[in-house]
Amino acid sequence: MLSKLPTNVPPHLSLRFLKIYCNSGDLQRARHLFDQIPEPDLRAWTVLISGYTRHGLLKESVSLYASLRARQIAPDSLLLLSVAKACAALGDVRNAKELHDETIRFGFHSDVALGNAMVDMFGKCRYVDGARRVFNGMAVKDVVSWTSLCSCYVNCGLPGQGLAAFREMGLNGVRPNAVTVSSILPACSELKDLKLGREIHGFVLKHGMEENVFVSSALVNIYASCLSIKQAQLVFDMMSKRDVVSWNVLLTAYFSNRDCEKGVALFCRMRREGVKLDGASWNAVIGGCLNNGQTIQALKMLGQMQESGIKPNQITITSLLPACKDLESLRAGKEVHSYIFRTCLMEDLATTTALVFMYAKCGELELSRRVFDMMPRRDTVAWNTMIIANSMHGDGEEALLLFRKMLDSKVKPNSVTFTGVLCGCSHSRLVDEGIVVFDSMRTDHSIEPDADHYSCMVDVLSRAGRLVEAYQFIQRMPMEPAPSAWGALLGACRVHKNVDLAKIAANKLFEIEPDNPGNYVLLSNILVTANRWEEASETRKLMRDRGITKTPGCSWVQVRNRVYSFVSGDRSNERSEEIYKFMVDMGEKMRLAGYVPNTDFVLQDVDQEEKVGILCNHSEKLAVAFGILNMNGESTIRVFKNLRICGDCHNAIKFMAKIVGVQIIVRDSLRFHHFKNGDCSCRDFW
DNA sequence: ATAGGGTTAG
């Protein structure tokens, strides 16, 4: 290939050829020619560098600029503009700062175009303060300067400040253009500021901007997110020309409106009408189906996407991964992991974060940690995810440790961080630590605790048995307590056997979430354990009268790529005979090892012997037994249960894990339990 | 020189 390059372009034509090669995207040829020019002048450098920038070879562009400077050549504003674009697209703030220094060094501080490019560049590097500082320092500001500032705020997740800058712009007598409008409308969508959106719509019509496809697509979007899909559709139908983005806006609107069928129908229409679909169209339909529970349809679309020659990108993957959350998806999740690895998507923060969470949800905390440790960079969401993962698995100490490391590495915590840390504290009996963290929210981090944080604190106190304190804490809350606050108290009343507080909490829950069967069942169980049969049956009656039925307990276990489910007393499995025989043998070994059945967990009013029998029927025990019977060299058995694990089962599984010499991981409705060597990771504190 | 759509944590 290289041998065919014209090696003898006459010197007076080399610049012209350089331009031709750069414009056609043949940078290799351009570079080859450039290297043959004995003393390339500034024009030649500029042509090559902007060629690199334009074709996305950003690092080359920046490093080429460095070699130009190493030769003591002074840049002009045109060249700096091109490098600024490269720095903006790279998003690396260090490069950006260095380039900004260069513009000062070479005396371009009053160049409006370059100033605008600096604002834009810092904005794209998410360096908001830098962008504002450059903007403030500009002696002359035009509509582009203001627009760049607005989009900096909007794209850095500060829509409020974006709107403020937009208003400031108006006060300064600068009239927005179509670019300004399309930059600021997303902020209106995000803040649900329909009033301003409508004003802008009026302005658009008055100035004939509705022909601009960027503007009208942004209008469709704001109507979809603030008003209704119907209004959005109306604006869409009025558009004189549409491109793929306009269609994608509407497509996304249908799915976020939970109308999966219409979304898919619109997607089919797009294909029929020959809209040139791009990756975002596919991502919208795949993500939309997944978010509406249509996993099969989503996978079908994923296949078609690949057939059509568009590769799943980091966004496809990050919307796909959260769907891998149960036993049967771990294998799929691992496949996605290897795809990410093969296609070099490990660099992407959102993707790796989703991967970390996927493993945690599938019960693989160790894999989750390994991915997290390999991340080159971690933002707030990444740290939060790892903290939450450990909390879910009941490792509050690790969650706290991660929280401290997060603060040490200067990543700012947000309100989710505290929900995660406090949840970890509650599962690991870290009461004093929890209180310190909760208090630090206001004092050290200026984050006002919300109802969820208060619920976590109720959980911290009540799990530790400090029920009265927890109750007082609820009463002192500055907002209406969420069901989770009373739920935490009620759950702990069962463990710590406090009937009076249980009744208070349950009655509150019967008011605020009357349709949740769990509350009735829990109170009834507490009353049965306290031998208050009459009150227990009253609770059952209340439940019946309200037409609420108990959610049946169900457990799942995976054996050789198939998931088997069990309900209490299940005999539908083809190996049921064996399972029950195994339970009898195992029961014998367990008793020898010191296991005593705890019939407090049997709620039927039957004699002792029958109670022991009923305990053996629990779905989680059956699932574990089936898992053990089918072991084939694995060291871990994973069982998921839809409700909370039963206390007797929790004890029994500890014995089973020890006797068989295997690790058993059970995910119940609240968290993960890791049983190993006769102990559970929750240290019986659940 | 500036622009619209698809993504991750509770």
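A note on names: the letters A, B, ... follow the listed sequences, proteins ahead of strands, and every chain is numbered from 1. Predicted model only: the values in this text are computed from it and were never measured.
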Quiz prompt | Check: A/S455 main-chain N/O paired with A/D459 side-chain donor or acceptor under 3.5 Å | solution = no
Self-check item: Derivation and outcome, side chain to side chain donor-acceptor pair (under 3.5 Å), residues A/T417 and A/N384
Solution: CA-CA 5 Å; A/T417 317; A/N384 288 357; 2.7 Å; yes
Self-check item: Among B/dA3, B/dT7, B/dT2, the one nearest A/N177 by side-chain distance
Solution: B/dT2
Quiz item: Contacts to DNA chain B from residues 346-362 of chain A, heavy-atom cutoff under 4.0 Å, which residues?
Solution: A/A350, A/T353, A/F357
Quiz item: Is A/G288 touching bases, backbone alone, or none of the nucleic acid, heavy atoms closer than 4.0 Å?
Solution: nothing
Quiz item: Which part of the nucleic acid, if any, lies within contact of A/V381, taking any heavy atom under 4.0 Å across all strands shown: a base, the sugar-phosphate backbone alone, or nothing?
Solution: base
Quiz prompt | Donor-acceptor under 3.5 Å (A/S145 side chain, A/D142 main chain) | solution = yes
Quiz prompt | Exceeds 12 heavy-atom contacts within 6.0 angstrom, atom NZ of A/K192 | solution = yes
Self-check item: Test item: A/S669 side-chain N/O and A/R644 main-chain N/O as donor-acceptor pair under 3.5 Å
Solution: yes
Practice problem: Whole angstrom is fine here: how far is it from CE in A/M305 over to P in B/dG6? | Solution: 15 Å
Practice problem: Can you figure out which of B/dG6, B/dA1, B/dT2 approaches the side chain of A/A113 most closely? | Solution: B/dA1
Quiz item: At under 4.0 Å between heavy atoms, what does A/V213 touch on the DNA or RNA strands: base, sugar-phosphate, or nothing?
Solution: base
Quiz item: For DNA chain B, which residues in residues 180-194 of chain A have a heavy atom at a distance below 4.0 Å?
Solution: A/S182, A/S183, A/P186
Quiz item: A/T46: what forms a side chain to side chain donor-acceptor pair (under 3.5 Å) with it, not counting sequence neighbours?
Solution: none
Quiz item: Under the ring pair (Phe, Tyr, Trp, His ring centres under 6.0 Å) test, which residues partner A/Y359, sequence neighbours left out?
Solution: A/H337
Practice problem: Calculate the interatomic distance between A/L277 atom CG and B/dG6 atom P; express it in whole Å. | Solution: 16 Å
Quiz prompt | Side chain of A/T385 (C-beta onward), nearest among B/dA9, B/dA1, B/dG6 | solution = B/dA9
Quiz item: What nucleotide among B/dA3, B/dG4, B/dG10 has an atom nearest to a side-chain atom of A/N212?
Solution: B/dA3
Practice problem: Mind listing the residues from residues 412-423 of chain A sitting with a heavy atom below 4.0 Å of DNA chain B? Number order is fine. | Solution: A/N414, A/S415, A/V416
Quiz item: To the nearest 0.5 Å, what is the distance between CG (A/L299) and CD (A/Q294)?
Solution: 11.5 Å
Quiz item: In whole Å, what is the span from the NZ atom of A/K85 to the P atom of B/dT2?
Solution: 5 Å
Exercise. Determine, stepwise, if the pair A/T419 / A/D452 fulfils side chain to side chain donor-acceptor pair (under 3.5 Å).
Key: CA-CA 7 Å; A/T419 313; A/D452 282 342; 5.4 Å; no
Exercise. Please tell me which of the listed nucleotides, B/dA1, B/dT8, B/dA3, lies nearest to the side chain of A/P322?
Key: B/dT8
Practice problem: Identify whether any heavy atom of A/D120 sits under 4.0 Å from a base atom; if not, whether one sits that close to sugar-phosphate; answer base, sugar-phosphate or nothing. | Solution: sugar-phosphate
Practice problem: Please evaluate the base of B/dT2 for a donor-acceptor partner in the side chain of A/S148 within a cut-off of under 3.5 Å? | Solution: no
Quiz item: Can you check the A/Y153 OH to B/dA3 C1' distance for me, whole Å?
Solution: 19 Å
Quiz prompt | A/F255 CZ to B/dT7 P, straight-line distance once rounded to whole Å | solution = 12 Å
Quiz item: Which part of the nucleic acid does A/D379 contact within heavy-atom distance under 4.0 Å: base, sugar-phosphate only, or nothing?
Solution: nothing
Quiz prompt | Closest nucleotide among B/dA9, B/dT8, B/dG4 to the A/T318 side chain | solution = B/dT8
Quiz prompt | Rounded distance [0.5 Å steps], OG in A/S415 versus NE2 in A/H445 | solution = 12.5 Å
Quiz prompt | ring-ring contact (aromatic ring centres under 6.0 Å, His included), paired with A/F267, selected from A/Y254, A/W247, A/W282 | solution = A/W282
Quiz item: How close or far is atom C1' of B/dA1 from atom CG of A/L99, stated in whole angstroms?
Solution: 14 Å
Exercise. Mind calculating the distance between CG (A/N291) and P (B/dT7) to the nearest angstrom?
Key: 7 Å
Exercise. Verify the contact: side-chain N or O of A/K124 to OP1 or OP2 of B/dA3, cut-off strictly under 4.0 Å; return yes or no.
Key: yes
Practice problem: Examine the base of B/dG4 for any acceptor or donor lying under 3.5 Å from a partner atom in the side chain of A/D243, and report the outcome as yes or no. | Solution: yes
Quiz item: How would you list, by chain and number, every residue that makes a side-chain contact (heavy atoms from CB on, under 4.5 Å) with A/A360, sequence neighbours excluded?
Solution: A/S368, A/A389, A/M392, A/H393
Exercise. Nearest whole angstrom, please: distance from the P of B/dT7 to the CD1 of A/I317.
Key: 14 Å
Quiz item: Less than 4.0 Å between a side-chain N and a carboxylate O, is that true for A/K97 and A/D101?
Solution: no
Self-check item: Closest listed nucleotide, where the reference is the side chain of A/V112 and the choices are B/dG10, B/dT2, B/dA1
Solution: B/dA1
